[in-house]
Engineer: 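After the structure tokens below, expect a handful of questions from me.
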Amino acid sequence: MSAHELPKGYEPEEVEKRWYAYWETEGLFAADDVSGKAPYSIVIPPPNVTGALHMGHAHNNTLQDILCRYHRMKGYNVLWMPGTDHAGIATQNVVEKELAKEGTDRHALGREGFIQRVWQWREEYGGLIIRQLRRLGASCDWERERFTMDEGLSKAVRTVFVALHEQGLIYRGNYIINWCPRCQTALSDIEVDHEDHNGHLYHVRYPFEEGDGGIIVATTRPETMLGDTAVAVNPNDERYQGREGNTVILPLMNRSIPIIFDEYVDMKFGTGALKITPAHDPHDFEIGRRHNLDSIKVIGGDGHMTEEAGRFQGKDRFECREEVIEALKEEGLLEKVEPYQHSVGHCYRCRNTVEPYLSKQWFVKVKPLAEQAIAAVERGDTRIIPDTWTKTYYEWMNNIKDWCISRQIWWGHRIPAWTCENCDELLVAMEAPAKCPACEGGTLAQETDVLDTWFSSALWPFSTMGWPEKTQTLETFYPTSVLVTGFDILFFWVARMMMMGLHFMDDVPFRDVYIHALVLDAEGKKMSKSKGNVIDPLFVIDQYGADAFRFTLAALAAQGRDIKLSEDRIEGYRHFINKLWNAARFALMHVSDFEPDVSAQDVRHFSLADRWILSRLNTLTETVTVGLDEYKFNDSANALYQFVWHEFCDWYLEIIKPVLYGRPGKTAGDDESGEMPEVGHYETTRFVLWSILNQTLRLLHPFIPFVAEEIWEKLPGTEGSIMKAEFPATSKEKHDPDAERIMQVLMGVVSGVRNIRGEMNVPPSLLVEVTVQSGDKEVRELIEQRRDTIVNLCKAKTLEVMPLGERPRSCATSVSGNAIMFVSLEGVIDFELELGRLNKEINKITKELNGIDKKLNNEDFLEKAPQEVVEKVREKGQKLTEKRSRLEENLEKVSQAAGNA
RNA sequence: AGGCACGUAGCUCAGGGGGAGAGCGCUACCCUGACACGGUAGAAGUCGCGAGUUCAAAUCUCGCCGUGCCUACCA
């Protein structure tokens, strides 16, 4: 195989491996900290180290890669910062599961040993997703890869923690938080997923301590009653007037608890009386504080009942619920049970039911940070795209609650706080203090909690660039140009990066936030292992190639709409890659010995087709560029598809074949002089073919880098990687409306004849006699000049061009513009068929004309519509009327002929 | 409960005040020297329903119906 030939079929696997290695070793992904070029930077949403590449990653990173490759070609100094997240709970869970398989657990290893084990796990498996991103073609600057637990990033975390603490924005305290009894840790509010659950509402009577009767309370979680410290009613509730301060007996516990009045209680809900469990419900906690109630913890961190639960001690919380219900029944205190649907919180990592739980935790006071983050978006410092998400962002930021950042797990950034065992002084510092500054002595015990994973993620845009040092990287690349992410982590991550970036860098972390859609299965359901509907990106890449996959994702990435992905779609786009490949193969057969010399081109030699395709290419360039600039990846991809397949392959290549292969009486390469060569000039055609392919490949590269590079290498006159080539620019001069208009006429004639052939069942091998009539001299000349092309494209034996006149015998007709095509079907014409065809066409036109007439008879329209619109409608009406009358003439003739036959 | 999307050809969707579009699928014919992962042609839609604004509505506004998602949750 010579330097300029392509094998018959495209083999992605080998090509992808070869080019990726080349790009990487040549350092083509590397960003420069110092550069004369304008910076363009993106930080990758760091995938969890535990993760394997899934569709979401593939989609997200494909879009980022397209942007990076596009901007590199545009001449930017591009930094795509890669890395992974330590994913506290998720990773700890994975390693714990591994330990369980070995019949041991983390407690057996101890904290140090366990952490060591997790690092070991990361060494072994943590690089998986990074390797998989390479298969996709991701052009990250791998030299700069970061990990949220790196030394540098850990230092950033401690710095931020200490600063926020000093500023009074981090505090510690006893509050009700969300607790996962399985993971044995606190969770923030957004780490809890709420799901509707069919439960029951239990009505329980709490007898008055004095006198008969009692108060009936309603609850969905009867087991918490063991920790009740009051019953609350609304002060305006007539049923309970004068009861304030009275006491009731808490059933099963035989404890006397007060009746309190609180506005919070809704008289109409349930029984209008509310049992108060300050240790196990956030609202009860608030009420408890208002009324100075005790908090009694009856459920422990492990989800089992504590000793405070009396005889229920040690029971699992759900088991206890059943037993409490039984016990209440026995005592005759269970008044009623009704079915009740309510939502139940689940741990976003392990799906277990989350427990509201009173404990001492660390919090970030986010209101002041959120205010800055809101203002920055309002000022337009950061743009959220599509705009609809801006509202969601504000909504959340405006209702933000303090962020619980402490986690009772081992894997993560340990909170830099120490308590003096001597005097109980709490110290927050970068490093362990030597001694207690308060009492000058004592042993200092470090806080055992670690930080929420999202705490370190929040710093990602600047921690990865070396903060808190003042690095050149930060100087050059912060703020980043765009963050590309899914909406599912808008709150977890985007919002928090905004807050931290503004607070510590004094500038937003990114200029644009592009929020893309979710990738769903073909039925529109979320892909999940349990549903068994996941499509594995690696499988797709193996099967169809990375380029086909990437192109599919880009083509389906319409803003604001989820992607329903199926293998069929990917296969369809693989066909596109194949089409491109073969078009290139064809082109290379003819330009392999071609030495492009742009300056030598003589405009006079450009044929109509040349001018047309160059003009179309210019429009394509415009569309692709605008699409990429506006994050409308699908617009760009679809325009490329349309151009390559239907304009370049279907028309241009077919038109120039005779020029390249030579025609009867003329040899390929014959120099046809003249102002307007009828088909094309050999050398000019080769040049145009070459330059269309050249430019199209550059437009395609961001989307399908591998195959574009492979063809680029074979294309003569290209030097070095396509990654270093310039992205094509548009120019107004290349727009050639004349050529496009004339081409329309030509295409109309060809399509008309082909239509007759197809519908009249003329075998493709049969050459037909074609007559074209037109009252327009210019049109006749145009057709005459390009007769070779027309003859070739519609498989004509002869082509006669003449003014309007006598209709040839035994033929089928078609009208396009002001040209009428007659296809002679002597002996083979099926009159019935032709009559049907003409009638169909006439009906269609009549329908359209009805609408147009209606408009033209409407005085308001003529008066109020813009002149050009009226003119356009009028013209169209004329054209259609003319066309219809031609067809009607033909219809008449055909019926006559049919009658005679 | 509130919010946000979406409802256009059999399927997946683009478009977004003046001519209903694409891809896949389907039908017919064709291995024509880049490609059968191909070519040519064709069939197919009251643009969810109802009102309003406008000379003109698939497109803008409102209401309704349906679907999906998000947020918040009163025991």
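Letters A, B, ... are given to chains in the order of the sequence lines, protein chains preceding strands, and every chain is numbered from 1. Predicted, not measured: the structure shown is a model, and the values here were computed from it.
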Engineer: Taking only side-chain nitrogens and oxygens of A:K564, does any of them come within less than 4.0 Å of OP1 or OP2 of B:rC13?
Structural biologist: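 So the side-chain polar atoms of A:K564 do come within 4.0 Å of the phosphate oxygens OP1 or OP2 of B:rC13, strictly under.
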Engineer: Any strand is fair game: report the nucleotide pairing with B:rU59 by Watson-Crick or G-U wobble, both distances under 3.5 Å, or none.
Structural biologist: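 Pairing partner, where one exists within any strand: none, as none qualifies.
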Engineer: Rounded to whole angstroms, how far apart are CD1 on A:I190 and P on B:rC69?
Structural biologist: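 Going from CD1 in A:I190 over to P in B:rC69 covers 20 Å.
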Engineer: Among A:Y544, A:F633, A:F706, A:Y573, exactly one meets ring pair (Phe, Tyr, Trp, His ring centres under 6.0 Å) together with A:F551. Which residue is that?
Structural biologist: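 For A:F551, the ring pair (Phe, Tyr, Trp, His ring centres under 6.0 Å) test succeeds with only one of A:Y544, A:F633, A:F706, A:Y573, which is A:Y573.
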Engineer: Base, sugar-phosphate or nothing for A:F491? Non-hydrogen atoms, less than 4.0 Å.
Structural biologist: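 It contacts sugar-phosphate atoms only.
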Engineer: Could you tell me how far B:rU12 sits from B:rG68 if I compare only their P atoms? Round to whole Å.
Structural biologist: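 Those two atoms are separated by 14 Å.
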Engineer: Contact class for A:K526 vs. all strands (heavy atom < 4.0 Å): base, sugar-phosphate, or nothing?
Structural biologist: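 Answer is sugar-phosphate: A:K526 comes under 4.0 Å of backbone atoms only.
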Engineer: How is A:E759 classified with respect to the nucleic acid when contacts are heavy atoms under 4.0 Å: base, sugar-phosphate, or nothing?
Structural biologist: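 The residue A:E759 makes sugar-phosphate contact but no base contact.
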Engineer: Is A:E841 salt-bridged to A:K844, going by a charged N under 4.0 Å from an acidic O?
Structural biologist: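 Answer for the salt bridge query: no.
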Engineer: Give A:P866 one of three labels, base, sugar-phosphate or nothing, depending on what nucleic acid heavy atoms sit under 4.0 Å from its own.
Structural biologist: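 Base, at least one base atom sits under 4.0 Å.
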Engineer: Classify A:H646 by what it touches in the nucleic acid, base, sugar-phosphate, or nothing, heavy-atom distance under 4.0 Å.
Structural biologist: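 If one applies the 4.0 Å heavy-atom cut-off, A:H646 turns out to touch the sugar-phosphate alone, with no base involved.
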Engineer: How is A:D488 classified with respect to the nucleic acid when contacts are heavy atoms under 4.0 Å: base, sugar-phosphate, or nothing?
Structural biologist: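 No contact.
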Engineer: To the nearest Å, give me how far apart CH2 (A:W396) and C1' (B:rG2) are.
Structural biologist: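 For the pair A:W396 CH2 and B:rG2 C1', the rounded distance is 18 Å.
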Engineer: Side-chain N or O of A:K855 less than 4.0 angstrom from OP1 or OP2 on B:rG19?
Structural biologist: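 Yes, because at least one side-chain N or O of A:K855 sits under 4.0 Å from OP1 or OP2 of B:rG19.
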Engineer: Counting only side-chain nitrogens and oxygens, does A:H342 get under 4.0 Å of the OP1 or OP2 atom of B:rC74?
Structural biologist: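 For B:rC74, neither OP1 nor OP2 has a side-chain N or O of A:H342 closer than 4.0 Å.
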Engineer: Please determine, by modelled atom types, if A:Q559 and A:H516 share a side-chain donor-acceptor pair under 3.5 angstrom.
Structural biologist: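 Their side chains do not contain a donor-acceptor pair, so the 3.5 Å distance test is not met.
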Engineer: Distance check, C1' atoms only: B:rC30 and B:rA22, in whole angstrom units.
Structural biologist: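 These two C1' atoms come out 25 Å apart once rounded.
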Engineer: Figure out the CZ/P separation between A:F269 and B:rC73, and round it to whole Å.
Structural biologist: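 It works out to 15 Å between those atoms.
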Engineer: Mind checking the P distance from B:rU27 to B:rA43? Whole angstroms is fine.
Structural biologist: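 The same atom, P, in both gives a distance of 16 Å.
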Engineer: Counting heavy atoms from C-beta on, name the nucleotide in B:rA41, B:rC74, B:rC35 closest to the side chain of A:D266.
Structural biologist: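 So the side chain of A:D266 is nearest to B:rC74.
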Engineer: If you find the nucleotide of RNA chain B closest to A:V750 and the one closest to A:A587, which residue's nucleotide is nearer the 5' end?
Structural biologist: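 The residue closer to the strand's 5' end, by nearest nucleotide, is A:A587.
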Engineer: Check the distance between B:rG18's P and A:R874's CZ and give it to me in whole angstrom.
Structural biologist: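 Interatomic distance, CZ of A:R874 to P of B:rG18: 20 Å.
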Engineer: Which part of the nucleic acid, if any, lies within reach of A:V265 when heavy atoms closer than 4.0 Å are counted: base, sugar-phosphate only, or nothing?
Structural biologist: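 Counting heavy atoms under 4.0 Å across all strands, the contact made by A:V265 includes a base.
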Engineer: Mind checking whether A:Y393 and A:F491 have ring centres under 6.0 Å apart?
Structural biologist: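 Between A:Y393 and A:F491, the centre distance exceeds or equals 6.0 Å.
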Engineer: From the list B:rA14, B:rC55, B:rA5, which nucleotide is the closest neighbour of the side chain of A:D860?
Structural biologist: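 The answer is B:rC55, which lies nearest to the side chain.
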Engineer: Contact class for A:R574 (heavy atom, under 4.0 Å): base, sugar-phosphate, or nothing?
Structural biologist: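 Touches a base.
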Engineer: Of the candidate nucleotides B:rG39, B:rC35, B:rC55, which contains the atom at the shortest distance from the side chain of A:D650?
Structural biologist: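 Closest nucleotide to the A:D650 side chain: B:rG39.
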Engineer: How far, in whole Å, is B:rG19 from B:rA57 if one measures between their C1' atoms?
Structural biologist: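 Result for the C1' pair: 15 Å, nearest Å.
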Engineer: Tell me whether the NZ or CZ atom of A:R754 lies within the 45° cone about the ring axis of A:W651 and under 6.0 Å from its centre.
Structural biologist: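 Ring-cation test returns yes.
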Engineer: Under 4.0 Å between a side-chain N/O of A:K275 and OP1 or OP2 of B:rC74, yes or no?
Structural biologist: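 Result: no.
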Engineer: Can you tell me the pairing partner of B:rG66 across any strand shown, Watson-Crick or G-U wobble, with both distances under 3.5 angstrom?
Structural biologist: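 Base partner found: B:rC6.
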Engineer: Closest-nucleotide mapping onto RNA chain B: is A:R561 or A:K840 further toward the 5' terminus? I mean the 5' end.
Structural biologist: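 Going by which nucleotide is closer to the 5' end, it is A:R561.
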Engineer: Among side-chain atoms of A:E191 and A:S188, is any donor-acceptor pair under 3.5 angstrom?
Structural biologist: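 Yes, a side-chain donor-acceptor pair sits under 3.5 Å.
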Engineer: Nearest to the side chain of A:T388 - B:rC73, B:rU12, B:rA5?
Structural biologist: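 For A:T388, the side-chain atoms sit closest to B:rA5.
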Engineer: Start with the C-alpha distance between A:E759 and A:K840, add both sets of side-chain angles, then the distance that settles salt bridge (Lys or Arg N to Asp or Glu O under 4.0 Å), and finish with yes or no.
Structural biologist: CA-CA 12 Å; A:E759 297 223 354; A:K840 191 180 69 184; 3.5 Å; yes
Engineer: Which base, if any, makes a Watson-Crick or G-U wobble pair with B:rC74, both distances under 3.5 Å?
Structural biologist: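 Paired with B:rC74, as far as the under-3.5 Å criterion goes, is no nucleotide at all.
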Engineer: B:rC30, B:rA72, B:rG19: which one has an atom nearest the side-chain heavy atoms of A:P764?
Structural biologist: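 That would be B:rC30.
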Engineer: Does the side chain of A:K795 come under 3.5 Å of the side chain of A:S765 through a donor N or O and an acceptor N or O?
Structural biologist: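 Short answer, no.
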Engineer: Taking atom P in both B:rC11 and B:rU53, compute the distance separating them and give it to the nearest angstrom.
Structural biologist: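 Nearest-Å result for B:rC11 against B:rU53 at atom P: 35 Å.
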Engineer: If you measure from the P atom in B:rC64 to the same atom in B:rG3, how many Å do you get, rounded?
Structural biologist: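 Going atom to atom, P in each nucleotide, I get 12 Å.
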Engineer: The side chain of A:V869 is closest to which nucleotide in this list: B:rA75, B:rA14, B:rG18?
Structural biologist: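 Closest nucleotide among those given: B:rG18.
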Engineer: If we call it a pair only when both distances are under 3.5 Å in a Watson-Crick or G-U wobble match, what pairs with B:rA41?
Structural biologist: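 WC or wobble partner is B:rU27.
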Engineer: Look at all strands and tell whether A:K847 reaches a base, only sugar-phosphate, or nothing, counting heavy atoms closer than 4.0 Å.
Structural biologist: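 If one applies the 4.0 Å heavy-atom cut-off, A:K847 turns out to touch nothing in the nucleic acid.
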Engineer: Output the single nucleotide from B:rA75, B:rC4, B:rC73 whose closest atom is nearest the side chain of A:Y264.
Structural biologist: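 For A:Y264, the side-chain atoms sit closest to B:rA75.
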Engineer: For A:A583, which contact category applies under a 4.0 Å heavy-atom criterion: base, sugar-phosphate, or nothing?
Structural biologist: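 Here A:A583 touches the bases of the nucleic acid.
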Engineer: Looking across every strand, which nucleic acid part, if any, lies under 4.0 Å from A:Y641 by heavy atom: base, sugar-phosphate, or nothing?
Structural biologist: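 Contact class for A:Y641: sugar-phosphate only.
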Engineer: Considering only side-chain heavy atoms of A:K579, which listed nucleotide, B:rC55, B:rC35, B:rA75, is closest?
Structural biologist: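 Of the candidates, B:rC35 comes closest.
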Engineer: Is there, by distance only and without an angle test, a donor paired with an acceptor across the side chain of A:T392 and the base of B:rC70 below 3.5 Å?
Structural biologist: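 No, no donor-acceptor pair under 3.5 Å.
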Engineer: So for A:K391 and B:rC4, does any side-chain atom that can act as donor or acceptor lie under 3.5 Å from a complementary atom in the base?
Structural biologist: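 No, no donor-acceptor pair under 3.5 Å.
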Engineer: Is there a Watson-Crick or G-U wobble partner for B:rG21 with both distances under 3.5 Å, and if so, which one is it?
Structural biologist: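 Pairing partner, where one exists within any strand: B:rC13.
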Engineer: According to the interplanar angle, ranging from 0 to 90°, do the rings of A:Y10 and A:W581 count as parallel (below 30°), tilted (30 to 60°) or perpendicular (above 60°)?
Structural biologist: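 Rings of A:Y10 and A:W581: tilted, 30 to 60°.
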Engineer: For the pair made of CD1 in A:I563 and P in B:rA14, what is the distance, rounded to whole Å?
Structural biologist: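 Roughly 10 Å, once rounded to whole Å.
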Engineer: Heavy atoms only, 4.0 Å cut-off, all strands: where does A:Y340 land among base, sugar-phosphate and nothing?
Structural biologist: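 Result for A:Y340 = sugar-phosphate.
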Engineer: Is it true that, when you exclude A:E338 itself, more than 12 heavy atoms of the residues, nucleotides or ligands shown sit nearer than 6.0 Å to its CD?
Structural biologist: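 Result for CD/A:E338: enclosed.
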Engineer: Please confirm whether the shortest side-chain N or O distance from A:N755 to OP1 or OP2 of B:rG42 is below 4.0 Å.
Structural biologist: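 Yes, A:N755 has a side-chain N/O under 4.0 Å of OP1/OP2 on B:rG42.
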Engineer: Quantified in whole Å, what is the P atom distance between nucleotide B:rG23 and nucleotide B:rU40?
Structural biologist: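 One P to the other, the span is 11 Å.
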Engineer: Between B:rG3 atom P and A:L490 atom CG, what is the distance in whole Å?
Structural biologist: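 So the two atoms are 19 Å apart, to the nearest Å.
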Engineer: Would you indicate, yes or no, if B:rG39 has its OP1 or OP2 atom less than 4.0 angstrom from a side-chain nitrogen or oxygen of A:W645?
Structural biologist: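 Answer is yes, contact under 4.0 Å.
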Engineer: Using the C1' atom in both, what is the distance from B:rG25 to B:rG10, to the nearest Å?
Structural biologist: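 B:rG25 and B:rG10 have their C1' atoms separated by 8 Å.
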Engineer: May I ask you to say what A:E654 touches in the nucleic acid, namely base, sugar-phosphate or nothing, with a heavy-atom cut-off under 4.0 Å?
Structural biologist: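 The answer is base, as A:E654 lies within the cut-off (heavy atoms under 4.0 Å) of a base atom.
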Engineer: OP1 or OP2 of B:rC35 versus the side-chain N and O atoms of A:H575: is any pair under 4.0 Å?
Structural biologist: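 False: A:H575 side-chain N/O out of range (4.0 Å or more) of B:rC35 OP1/OP2.
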